[in-house]
**Q** 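Got a structure here, written out as structure tokens. Questions coming.
Bear in mind that the values here come from a model prediction, so they are computed numbers and not experimental data.
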Amino acid sequence: MLRYLMAGVLAANAVLAADVTFNRDVLPILQKNCQTCHRPGEIGPSSFLTYDSTRPWAKAIKTAVVTRVMPPWFADPKYGHFANDRRLSDADVSTLSAWADAGAPEGDPKDKPVPVKWHEGWNIQPDVVFEIPKPYTVPATGTIEYTYFVVPSGFTKDTWVIDGEVRPSNRGVVHHASVHVRPPGSLWMKDAKPGEPYVPPHSAPGAPPPAGNQSNEWLLGYVPGVHGEYFDKNHKAAKLIPAGSDLVFEMHYTANGKAAGIDQTKVGFVLAKGAPEKRLLTVPVADMSFTIPPEDPNHAGHAEAEFDQPVELVYSQPHMHLRGKDMDIHLEYPTGESQMLVSVPRFDFNWQLVYYEDKPLRLPKGTKIKLDAHWDNSANNRMNPDPKATVKWGDQSWDEMIFAWIGVVVPPDVDLDKAMAVRRGNAANSSRP
Ligand code: HEC
């Protein structure tokens, strides 16, 4: 009772602080927003399943949510409506802070919500599964460069997939993963031996991008806490894996700081029974012509492209490397009207998030996509591998990119070249990233 009396004479949030308990107020927020990554075997460094495991983190939780470092979400809330929006409401942020301020009280066990039954198997029922051929050992500590595994599909005819899922076997060491389709004839990752882990060699600073057909299409990925949003739920749209293609696993492993981890990531696909009504296509927008001078803290980049077809836009994924600072993606309609698709004011290389539209955006033919980004090549950027370098386009994290994958739904006979005319972003025509 003394608690309430004292609270009465203090500020409004002190009343809240005195009242908030783990069991009644905090646990439901953690279940909904955090446990997907913060439970044993997942990528979060702490488990928020129980009071005992969460309590030591109370202050860190407050700091992480007040600064909006957690949950990881980088889109400016002023723009767009995203199906996978992870931002906490202001009310939830206040509740978590008030709980930490009150000394992390447990409360009445009777108030506890029912534990979430976390799903541990496939979320889809795959017809075919491909996996990295050998288990890969991720060291306990240190930075691990993006590692690629080429796995031949063995598909002798064009194959349409209506659903897919990437499943790391050890989610504690897989920060994120992407699976790309490399069609026959592409020289992308040409020096990788099928099945072997491959880290592309460091190119000389400022070396031009390699010549020749470098085409690949991003097919689907794994980001912690996101399931099965890569495909059209009605299964009207499918992705094409051309005959003779390779699948390329792009693995972003992270050391967990404690022990080496072994991973053998898989990808599963549900195959279309007949010809699909529509094609789901991931189109790249990029500019490869930039040069970032040494020490430049705010170098601007721009890329744009134009749709030669009406499309339904379903997702976008801004992409830069370690010097990436911010990126805005605008749509510009043939009427001249412009709309922000997604704005990422604080780009973070560690979180390559895909932003799924709440509802598909219907874009008329002639709609432009414009990327505006900045890089920080100064020593103030703690991620910067070398502020003295002149930096150009390249696959590796010490090279740079201004790039976005845009997911669009189109008629089944439309391919990358027909969907999009690249008006600027020169090299993307002949040598696609
Ligand atoms: C998508 C996965 C994911 C979700 C969802 C998530 N976290 Fe995290 N969290 C991480 C990872 C991974 C780290 C380790 C640091 C990093 O990689 O950014 C982390 C680190 C933290 C830390 C430690 C920060 C420090 O001091 O080092 C706290 C506290 C935290 N998260 C709280 C939360 C809370 C609270 C929520 C929910 C409101 C949440 N996280 C949701 C993945 C997640």
**Q** Donor-acceptor pair, Asp111 side chain versus Asn23 backbone, under 3.5 Å?
**A**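 Side chain of Asp111 to backbone of Asn23, a donor-acceptor pair under 3.5 Å: no, none is there.
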**Q** Working note: Tyr136 + Phe149, criterion ring-ring contact (aromatic ring centres under 6.0 Å, His included); need CA distance, chi angles, decisive distance, verdict.
**A** CA-CA 10 Å; Tyr136 181 72; Phe149 297 84; 5.6 Å; yes
**Q** Are any of the side-chain nitrogens in Asp76 or Lys78 under 4.0 Å away from the carboxylate oxygens of its partner?
**A**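 Lys78 and Asp76: salt-bridged.
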**Q** Please report the C-alpha distance between Met327 and Ile402 in whole Å, then the side-chain angles of each, then the deciding distance to 0.1 Å, and finally whether the side-chain contact (heavy atoms from CB on, under 4.5 Å) criterion is met.
**A** CA-CA 9 Å; Met327 190 188 288; Ile402 172 169; 4.2 Å; yes
**Q** Keeping Gln31 on the side-chain end and Val114 on the backbone end, is there a donor-acceptor pair under 3.5 Å?
**A**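 Such a contact is found between Gln31 side chain and Val114 backbone.
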**Q** Any non-hydrogen side-chain atom of Ile144 less than 4.5 Å from a side-chain atom of Pro139?
**A**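 They are in side-chain contact.
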**Q** Going from CD1 on Ile61 to SG on Cys34, what distance comes out if it is rounded to the nearest 0.5 angstrom?
**A**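 SG of Cys34 is found 7.0 Å from CD1 of Ile61.
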**Q** When you compare the side chain of Pro411 with that of Arg279, does any pair of heavy atoms fall below 4.5 Å?
**A**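 Answer no - side chains too far apart.
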**Q** Would you kindly say whether Asn84 and Tyr355 are connected by a side-chain donor-acceptor distance under 3.5 Å?
**A**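 Result is no, nothing qualifies.
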**Q** Step through it carefully: locate the ring centre of Tyr315, locate the ring centre of Trp218, and say whether they are under 6.0 Å apart.
**A** yes
**Q** Without swapping roles, check the side chain of Arg39 against the backbone of Leu49 for a donor-acceptor pair under 3.5 Å.
**A**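 Side chain of Arg39 to backbone of Leu49, a donor-acceptor pair under 3.5 Å: no, none is there.
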**Q** Mind running side-chain hydrogen bond (donor to acceptor under 3.5 Å, both in side chains) on Gln339 and Tyr333 for me, showing each step along the way?
**A** CA-CA 8 Å; Gln339 176 190 344; Tyr333 293 98; 2.7 Å; yes
**Q** Walk me through whether Asp376 and His299 qualify under side-chain contact (heavy atoms from CB on, under 4.5 Å).
**A** CA-CA 7 Å; Asp376 181 355; His299 190 76; over 6 Å; no
**Q** For the residue pair His319 and Phe403, categorise the inter-ring angle as parallel (less than 30°), tilted (30 to 60°) or perpendicular (more than 60°).
**A** perpendicular
**Q** Grab the two heavy atoms, one from Ala100 and one from Ala58, that are nearest each other, plus how far apart they are.
**A** CB-O, 3.5 Å
**Q** Please answer whether the main-chain N or O of His252 pairs with a side-chain N or O of Thr254 as donor and acceptor at a distance below 3.5 Å.
**A** no
**Q** For a 4.5 angstrom cut-off between non-hydrogen side-chain atoms, does Val408 reach Leu363?
**A**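 No, too far: nothing below the 4.5 Å cut-off.
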**Q** Can the ring centroids of Tyr146 and Phe349 be said to lie less than 6.0 angstrom from one another?
**A**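 Yes, close enough.
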**Q** Please lay out, stage by stage, how Val173 and Asn170 fare under the test side-chain contact (heavy atoms from CB on, under 4.5 Å).
**A** CA-CA 6 Å; Val173 293; Asn170 183 347; 3.7 Å; yes
**Q** Out of curiosity, Met383 CE to Asp348 CG, how far, rounded to the nearest 0.5 Å?
**A** 5.5 Å
**Q** Ignoring hydrogens, what is the shortest heavy-atom contact between Lys239 and Leu219? Give both atom names and the distance.
**A** NZ-O, 3.0 Å
**Q** Checking the side chain of Glu217 only, and the main-chain atoms of Leu281 only, is there a donor and an acceptor separated by less than 3.5 Å?
**A**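 No.
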**Q** Taking the side chain from Glu250 and the backbone from Tyr148, do they hold a donor-acceptor pair closer than 3.5 Å?
**A**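 No: the side chain of Glu250 does not pair with the backbone of Tyr148.
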**Q** Check whether any side-chain heavy atom of Arg182 sits under 4.5 Å from a side-chain heavy atom of Val150, and report yes or no.
**A**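 Counting from C-beta outward, Arg182 and Val150 do come under 4.5 Å.
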**Q** Are Asp101 and Val20 packed together at the side-chain level, in the sense that at least one heavy-atom pair is separated by less than 4.5 angstrom?
**A** no
**Q** If you look at every heavy atom in His180 and Ser178, which pair is closest and at what distance?
**A**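 Heavy atoms only, the tightest pair is NE2-CB, 3.7 Å.
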**Q** Looking at every heavy atom in both Glu332 and Lys370, which two are closest together, and how far apart are they?
**A**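 Nearest pair, atom of Glu332 first, then Lys370: OE1-NZ, 2.9 Å.
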**Q** Answer yes or no: is there a side-chain heavy-atom contact under 4.5 Å between Phe269 and Pro126?
**A**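 The answer is no; the side chains never approach within 4.5 Å.
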**Q** Is it true that Ser97 and Ser94 share a donor-acceptor pair across their side chains at a distance under 3.5 Å?
**A** no
**Q** Please examine the side chains of Lys325 and Trp375, heavy atoms only from C-beta on, and report whether any two atoms are closer than 4.5 Å.
**A** no
**Q** Is the closest side-chain donor-acceptor distance between His302 and Glu304 under 3.5 Å?
**A**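 Side chains of His302 and Glu304: pair found under 3.5 Å.
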**Q** For the rings on Phe130 and Phe155, is their centre-to-centre separation under 6.0 Å?
**A**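 Yes, the ring centres sit under 6.0 Å apart.
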**Q** In terms of heavy-atom contacts, does NZ of Lys112 have more than 12 from other residues, nucleotides or ligands at under 6.0 Å?
**A** no
**Q** For the backbone of Asp399 and the side chain of Arg323, can you confirm whether one donor and one acceptor N or O come within less than 3.5 Å of each other?
**A** no
**Q** What distance separates Asp296 CG from His374 NE2, expressed to the nearest 0.5 Å?
**A** 9.5 Å
**Q** Would Trp99 and Thr21 count as a side-chain contact (heavy atoms from CB on, under 4.5 Å) here? Give the steps.
**A** CA-CA 7 Å; Trp99 176 68; Thr21 72; 5.7 Å; no
**Q** Mind checking the NZ-CH2 spacing from Lys273 to Trp160? Nearest 0.5 Å is all I need.
**A** 15.5 Å
**Q** Any chance you could measure Asp372, atom CG, to His330, atom NE2, to the nearest 0.5 Å?
**A**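 With rounding to 0.5 Å, CG (Asp372) is 7.0 Å from NE2 (His330).
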**Q** Determine whether Asp328 and Ser343 satisfy the following criterion, side-chain hydrogen bond (donor to acceptor under 3.5 Å, both in side chains), listing intermediate values before the conclusion.
**A** CA-CA 4 Å; Asp328 284 350; Ser343 170; 2.7 Å; yes
**Q** If you take all heavy atoms of Ser378 and Pro387, which pair is closest and at what distance?
**A**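 Scanning both residues completely, I find the closest heavy atoms to be C-CB, 4.0 Å.
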**Q** Relative to Trp73, does Arg68 satisfy both conditions: NZ or CZ under 6.0 angstrom from the six-membered ring centre, and within 45 degrees of the ring's axis?
**A**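 Cation-pi check for Arg68 and Trp73: fails.
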**Q** Examine distances only and state if a side-chain atom of Asn377 and a backbone atom of Pro293 form a donor-acceptor pair shorter than 3.5 Å.
**A**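 Between the backbone of Pro293 and the side chain of Asn377 there is a qualifying donor-acceptor contact (under 3.5 Å).
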**Q** Dump the intermediate steps for side-chain hydrogen bond (donor to acceptor under 3.5 Å, both in side chains) on Ser289 and Lys392, then the final yes or no.
**A** CA-CA 8 Å; Ser289 68; Lys392 294 198 176 209; over 6 Å; no
**Q** Will you find, in the side chains of Ser47 and His38, an N or O donor that is under 3.5 Å from an N or O acceptor?
**A** no
**Q** Should Lys278 and Glu312 count as an ion pair when the cut-off is N to O under 4.0 Å?
**A**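 Answer for the salt bridge query: yes.
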**Q** What is the distance from atom CG of Leu220 to atom CG of Leu280, rounded to the nearest 0.5 Å?
**A** 10.0 Å
**Q** Can any side-chain N or O of Gln35 pair as donor or acceptor with the backbone N or O of Leu30 at less than 3.5 Å?
**A** no
**Q** Quick one, Glu357 with His81, criterion side-chain hydrogen bond (donor to acceptor under 3.5 Å, both in side chains). Give me CA distance, side-chain angles, the key distance, then yes/no.
**A** CA-CA 6 Å; Glu357 296 299 322; His81 297 281; over 6 Å; no
**Q** Is the centre of the Phe82 ring less than 6.0 Å from the centre of the Tyr356 ring?
**A** no
**Q** So does Phe347 get a backbone contact from the side chain of Asp326, meaning a donor-acceptor N/O pair under 3.5 Å?
**A**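 Not a single qualifying donor-acceptor pair exists.
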**Q** Checking ring-ring contact (aromatic ring centres under 6.0 Å, His included) for the pair Trp351/His175: CA distance, chi angles, key distance, verdict?
**A** CA-CA 8 Å; Trp351 290 101; His175 196 285; 4.6 Å; yes
**Q** For Pro318 and Ile329, work out which heavy atoms get closest and say how close.
**A**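 It is CG-CD1, 4.2 Å.
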**Q** Side chains of Met251 and Thr265: does their closest heavy-atom pair fall under 4.5 Å?
**A** yes
